[in-house]
**Q** 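I am attaching a structure below and will ask some questions about it afterwards.
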There are 2 protein chains.
Amino acid sequence: MRIPLGGGTDEKLRVHERPTSFDIAYRAGVSQSTVSRALRGDPNVNEETRRKIEAIARELKYKVDKNASNLRRQRSNTIAVLFFEDPSPDPSQINPFFLSMLGSITRACAKRSYDLLISFQKFAQDWNEDYEDSGKADGLILLGYGDYVDYRQHLEQLVEQGTRFVRWGAVEEGQPGVSIGSDNFNGARIATEHLIGLGRRAIAFLGDSSNHAPEFSERHRGYSAAMQADGLPESFQAAGVSSEEAGAAAALALIESGVPFDGIVAASDLIAAGALAVLRDKGFDVPRDVSVIGYDDIPAASFVNPALTTVAQDTWLAGEKLVETLLKMMQGEVAESAKLPARLIIRRSCGAKKV
Amino acid sequence: MRIPLGGGTDEKLRVHERPTSFDIAYRAGVSQSTVSRALRGDPNVNEETRRKIEAIARELKYKVDKNASNLRRQRSNTIAVLFFEDPSPDPSQINPFFLSMLGSITRACAKRSYDLLISFQKFAQDWNEDYEDSGKADGLILLGYGDYVDYRQHLEQLVEQGTRFVRWGAVEEGQPGVSIGSDNFNGARIATEHLIGLGRRAIAFLGDSSNHAPEFSERHRGYSAAMQADGLPESFQAAGVSSEEAGAAAALALIESGVPFDGIVAASDLIAAGALAVLRDKGFDVPRDVSVIGYDDIPAASFVNPALTTVAQDTWLAGEKLVETLLKMMQGEVAESAKLPARLIIRRSCGAKKV
DNA sequence: CTGAAAGCGCTTACAG
DNA sequence: CTGAAAGCGCTTACAG
């Protein structure tokens with residue numbers, strides 16, 4: 001038999017245990033069911049009774065046991081974020097853009113009283129395994145840049161298993177599941193148009209255009225569209241991954257190719273930062289000789305010299321949208337993929353007058 | 001009665017439900033207890049039986065229900081990270097140093113099969129409330145720069161409530177609970193000694209030295225110790241919080257004070273970055289006229305121009321140590337506060353020869 | 001508006 | 001080495 005907290009001589013022995021709804025019930029002189037109802041906000045509870053129960057609960061610092069509640073209700077009120085990042089094995093080195101996304105997702109979850117479980121995932125593993133399947137989370141948010149060709153298989157598996165998930169990334173036709181992403185095409189297009197508007201003509205794109213990195217290839221297509229609209233010649237330098245090193249290598253290759261250039265649109269800020277360093281070393285003046293634009297608006301973008309003009313993805317909105325969409329799916333409603341508007345942040349590296 | 005998965009004509013109806021240990025038991029022809037034992041690695045299970053059970057579990061993609069398991073075992077196998085950051089209301093703007101810590105903590109947890117719950121906490125709230133008390137987490141990690149005077153009350157409350165927690169921050173005598181932190185005193189001391197070694201004599205400290213920010217005041221004391229050891233005059237400019245703005249304001253105040261200076265030790269990289277920008281604007285050449293050193297080694301430190309010499313806190317080790325210490329406490333062992341060694345990262349802003 | 005009771009899916013003493 | 005049974009702390013139909 002459960003001896004209610006403070007209900008007898010056993011009080012001292014039990015003082016460090018967490019109170020249960022039975023303890024509250026005992027003190028309030030009602031049944032445990034009524035305590036549960038009162039605390040869950042069931043309208044079928046007498047106002048006075050409710051107040052009494054709430055007061056006692058507060059006094060005893062009672063908190064509903066989530067494991068019991070979740071088990072009974074068959075849901076966890078928890079969302080899991082799965083991070084996967086191919087090129088970075090060290091989580092402390094993770095792309096700052098995703099870290100900022102994580103902050104926004106956390107806020108969006110907290111607002112809705114959802115808990116957030118976080119995990120860095122190896123590519124090889126069964127993603128579903130540790131989360132939805134074990135009842136730890138009701139839904140999954142997928143975050144990261146990775147090789148989409150590998151990635152896609154996992155997505156299909158998730159869809160097949162009926163997992164509720166939403167991913168951040170390029171939004172394209174025929175993709176498995178629901179995706180939320182920046183409007184990469186238009187983001188890169190307005191960036192390129194901005195450079196053209198500044199009088200640049202020989203603009204190179206630094207990034208990847210393969211189907212392994214869909215957001216990068218969307219950005220590349222946006223760049224192409226802007227160039228073609230003005231009949232300008234395109235120029236492309238591969239930078240496989242999003243890192244300073246890759247950006248530096250691509251910029252070096254561009255310089256060594258001998259192809260003239262007066263503008264660079266980089267597929268990411270990290271790539272742009274690497275390019276900036278190489279340009280400086282090689283005696284190019286940015287923005288006088290070359291205008292440079294990045295993508296992501298990572299915190300470091302305003303620290304580099306010259307400060308980097310870039311395309312910002314609204315992480316605040318992104319987090320909100322990801323969580324909102326996932327919650328919709330979890331409630332069985334239809335949810336749709338969405339592209340979020342991208343916004344040009346003009347700093348010094350493009351050479352525009354201060355706006 | 002539970003109809004086992006695939007055990008009869010009901011198969012189709014149940015195909016999308018998660019299998020339970022009863023389903024496995026039915027198929028394996030053993031009792032549910034044996035399934036539970038086999039899957040938990042109980043040695044008292046026949047090897048052949050175990051293999052059979054494991055095979056079926058794999059086939060059905062069975063995963064132990066965490067809510068049920070946690071409820072029964074009265075533990076959650078989960079650690080919660082509570083972020084609190086006073087000056088930054090927007091989680092997506094959170095200090096990059098802590099984001100990097102978060103990455104390390106995640107890795108350290110994953111390594112030990114612990115889940116990680118994350119939460120950004122308002123200062124005013126009852127910290128314990130949502131985590132340990134509701135059975136969602138077995139222990140807490142506290143992360144953030146904040147006003148220690150407010151903060152301390154919360155710590156005392158946590159100690160009083162018997163919450164298992166460990167915090168990242170300044171390690172000082174007489175503090176409530178267990179803390180893991182960088183050796184701020186020695187970190188700032190070696191930074192200051194490095195500048196002295198480069199021939200700097202008029203070195204100013206930019207930061208806070210009040211008891212509201214213990215790590216900053218420890219750094220200030222480290223700076224003082226180094227200056228005093230060489231009989232050099234100290235100079236101090238307040239920068240209340242760790243931000244570029246505060247750093248810029250402090251640097252401006254330093255310049256306007258008319259006190260000559262040829263070196264700056266900043267209490268954080270963000271402060272240093274703000275100072276760097278003001279120095280450039282005001283025509284100082286860094287590192288020729290002024291040597292600058294920051295603290296934290298945030299990702300942006302290598303992006304600023306000139307790249308920032310700084311004191312690195314080993315986030316990899318920090319995450320490991322935090323989790324390890326917390327786990328110790330959770331197992332009822334005695335755990336002690338610890339200072340982690342700080343390391344000088346020499347870049348261009350101090351003017352040293354490339355090492 | 002309230003109570004008694006069943007049951008969520010496990011783990012683990014207890015008995016063999 | 002294995003099974004039957006109790007129980008973790010809730011939520012919620014059901015009956016009043």
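Just so it is clear, the model here is predicted, and its values are computed rather than measured. Each chain gets a letter, A, B and so on, in the order its sequence line appears, and its residues count up from 1. We use all heavy atoms of the structure for the numbers below, so side chains are in, but hydrogens, waters and symmetry mates are not.
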**Q** Are any of Gln74(A)'s side-chain N or O atoms less than 4.0 Å away from OP1 or OP2 of dG9(C)?
**A**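 Yes, such a contact exists.
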**Q** Checking Ser31(A) side chain against Thr34(A) main chain: does a donor-acceptor pair fall under 3.5 Å?
**A** yes
**Q** Calculate the interatomic distance between Asn70(B) atom CG and dT11(C) atom P; express it in whole Å.
**A**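 Roughly 9 Å, once rounded to whole Å.
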**Q** Picking from dC10(D), dG9(D), dG3(D), which would you name as closest to the side chain of Leu71(B)?
**A**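 Between dC10(D), dG9(D), dG3(D), the one nearest the side chain of Leu71(B) would be dG9(D).
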**Q** Given dT11(C), is OP1 or OP2 found less than 4.0 Å from the side-chain N or O atoms of Ser36(B)?
**A**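 True: Ser36(B) side-chain N/O within range (under 4.0 Å) of dT11(C) OP1/OP2.
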**Q** Counting heavy atoms from C-beta on, name the nucleotide in dC10(D), dT2(C), dC10(C) closest to the side chain of Gln32(B).
**A**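 Ranking dC10(D), dT2(C), dC10(C) by closest atom to the Gln32(B) side chain puts dC10(C) first.
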**Q** Between Arg167(B) and Leu142(B) (side chain of the first, backbone of the second, donor and acceptor by atom type, cut-off under 3.5 Å), is there such a pair?
**A**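 A pair under 3.5 Å: no.
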**Q** Heavy atoms from C-beta onward define the side chain here; which of dG3(D), dG9(C), dT2(D) lies closest to that of Asn46(B)?
**A** dT2(D)
**Q** What is the distance, to the nearest angstrom, from the NZ atom on Lys63(B) to the P atom on dC10(C)?
**A** 12 Å
**Q** Which whole number of Å gives the distance between the P atom of dT2(D) and that of dA6(D)?
**A** 23 Å
**Q** Answer yes when Arg152(B) and Glu156(B) have at least one side-chain N-carboxylate O distance shorter than 4.0 Å, and no when they do not.
**A** yes
**Q** Nearest whole angstrom, please: distance from the P of dC8(C) to the NZ of Lys136(A).
**A**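 In whole Å, dC8(C) P and Lys136(A) NZ are 22 Å from each other.
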**Q** Return the nearest nucleotide to the side chain of Asp65(B); candidates are dG3(C), dT12(D), dC10(C).
**A** dC10(C)
**Q** Could you tell me the separation between the CG atom of Asn44(A) and the C1' atom of dG16(D), rounded to a whole number of Å?
**A**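 One finds 14 Å between C1' of dG16(D) and CG of Asn44(A), rounded.
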**Q** Toward the 5' end of DNA chain D, which comes first, Ala68(B) or Gly29(B), by nearest nucleotide?
**A** Gly29(B)
**Q** Would you say dC1(C) has OP1 or OP2 under 4.0 Å from some side-chain N or O of Thr49(A)?
**A**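 Looking at the OP1 and OP2 atoms of dC1(C), neither is under 4.0 Å from any side-chain N or O of Thr49(A).
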**Q** Is the closest basic N to carboxylate O distance between Glu48(B) and Arg51(B) below 4.0 Å?
**A**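 Salt bridge: no.
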**Q** Establish, with yes or no, whether the OP1 or OP2 oxygen of dG3(D) is under 4.0 angstrom from a side-chain nitrogen or oxygen of Ser31(B).
**A**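 For Ser31(B), the contact criterion (side-chain N or O under 4.0 Å from OP1 or OP2 of dG3(D)) is met.
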**Q** Whole-Å distance between dC10(D) P and Asp42(A) CG?
**A**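 Asp42(A) atom CG is separated from dC10(D) atom P by 17 Å.
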**Q** From the options dC8(D), dT2(C), dT12(D), select the nucleotide whose nearest atom is closest to the side chain of Arg72(B).
**A**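 Between dC8(D), dT2(C), dT12(D), the one nearest the side chain of Arg72(B) would be dC8(D).
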**Q** Can you check whether Ser33(A) has a side-chain N or O nearer than 4.0 Å to OP1 or OP2 of dT2(C)?
**A**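 For dT2(C), neither OP1 nor OP2 has a side-chain N or O of Ser33(A) closer than 4.0 Å.
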**Q** Let me know the distance between OH of Tyr26(B) and P of dG9(C), rounded to the nearest Å.
**A** 18 Å
**Q** With no angle test and no hydrogens, is the base of dG3(C) tied to the side chain of Arg37(A) by a donor-acceptor pair under 3.5 Å?
**A**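 Yes, the side chain and the base share a sub-3.5 Å donor-acceptor pair.
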**Q** Scan every strand shown for a Watson-Crick or G-U wobble partner of dT2(D), both distances under 3.5 Å, and answer none if you come up empty.
**A** dA15(C)
**Q** Please answer whether the main-chain N or O of Lys66(A) pairs with a side-chain N or O of Asn70(A) as donor and acceptor at a distance below 3.5 Å.
**A**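 Yes: the side chain of Asn70(A) pairs with the backbone of Lys66(A).
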**Q** Of the options dC1(D), dT11(C), dC1(C), whose atoms approach the side-chain atoms of Arg40(B) most closely?
**A** dT11(C)
**Q** With rounding to whole Å, what would you report as the distance between dC1(D) and dA5(D) at their P atoms?
**A**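 It comes out at 24 Å once rounded to the nearest Å.
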**Q** Whole angstroms only, please: what is the CZ-C1' distance between Arg73(A) and dG9(C)?
**A** 17 Å
**Q** Expressed as a whole number of angstroms, how long is the span from Phe22(B):CZ to dC10(C):P?
**A**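 After rounding, the gap between these two atoms is 8 Å.
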**Q** Treating Ser76(A) as the side-chain partner and Lys136(A) as the backbone partner, does any N or O pair qualify as donor plus acceptor under 3.5 Å?
**A**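 Between the backbone of Lys136(A) and the side chain of Ser76(A) there is a qualifying donor-acceptor contact (under 3.5 Å).
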**Q** Measuring to OP1 and OP2 of dG9(D), would you say a side-chain N or O of Ser21(A) lies under 4.0 angstrom away?
**A**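 It does not, given that no N or O in the side chain of Ser21(A) lies less than 4.0 Å from OP1 or OP2 of dG9(D).
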